[in-house]
Amino acid sequence: MVTIVCLTTKDRVPSLEADLARQTYRDFELIYARERGIVIAMNRALCRAGGTIFCRVDDDASLPPTWLQSLISPFVDNNVG
């Protein structure tokens with residue numbers, strides 16, 4: 001599983017959620033980090049993360065449907081060290 005963390009001050013980010021709903025890779029969780037300071041927010045999100053891969057996305061990002069698949073492909077290739 002992949003944990004995607006979005007640092008935001010909003011309760012929800014509908015455009016990001018819509019982009020994630022269209023992803024070709026489906027095994028992920030989304031955590032909204034709302035704490036002030038990126039280091040504190042990411043560390044707290046990492047403690048809550050259930051995934052083996054942890055990535056961060058901005059709340060104003062626009063993601064193509066293959067974004068997550070492309071991002072994790074090196075991690076699932078046994079020929080990549």
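Positions are given from 1 along the sequence.
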With a cut-off of 3.5 Å and sequence neighbours excluded, list every side-chain donor-acceptor pair involving residues 74-81.
residue: D77; atom: OD1; partner: N79; partner atom: N; Å: 2.8

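- Hydrophobic clustering (side-chain heavy atoms under 4.5 Å, transitive across Ile, Leu, Val, Met, Phe, Trp, Tyr) groups L16 together with I72.
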Determine, stepwise, if the pair W67 / C55 fulfils side-chain contact (heavy atoms from CB on, under 4.5 Å). CA-CA 12 Å; W67 170 76; C55 65; 4.0 Å; yes
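- With contacts defined as side-chain heavy-atom distances shorter than 4.5 Å, the pair D27/V2 does not qualify.
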Passes side-chain contact (heavy atoms from CB on, under 4.5 Å), E17 versus L30? Steps please. CA-CA 9 Å; E17 291 173 357; L30 175 61; 4.2 Å; yes
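- Counting heavy atoms from C-beta outward, S15 and V13 have side chains that approach closer than 4.5 Å.
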Between Q23 and T66, is the side-chain contact (heavy atoms from CB on, under 4.5 Å) condition met? List the steps. CA-CA 6 Å; Q23 291 300 299; T66 58; over 6 Å; no
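- Between C6 and I31, every side-chain heavy-atom pair lies at or beyond the 4.5 Å cut-off.
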Step by step, would you call D59 with L7 a side-chain contact (heavy atoms from CB on, under 4.5 Å)? CA-CA 7 Å; D59 61 357; L7 183 63; over 6 Å; no
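- At a threshold of 4.5 Å between side-chain heavy atoms, the hydrophobic network of Ile, Leu, Val, Met, Phe, Trp and Tyr places I53 and M1 in two separate groups.
- There is a path of hydrophobic side-chain contacts, each under 4.5 Å, that joins F54 to I38.
- Considering only heavy atoms from C-beta on, V5 stays 4.5 Å or farther from V57 through its side chain.
- Side-chain contact between L20 and I4: present, with at least one pair of heavy atoms (C-beta onward) separated by less than 4.5 Å.
- The number of heavy atoms from other shown groups lying within 6.0 Å of CZ (R36) does not exceed 12.
- Note that the CZ atom of F28 and the CG atom of L68 stand 6.5 Å from one another [nearest 0.5 Å].
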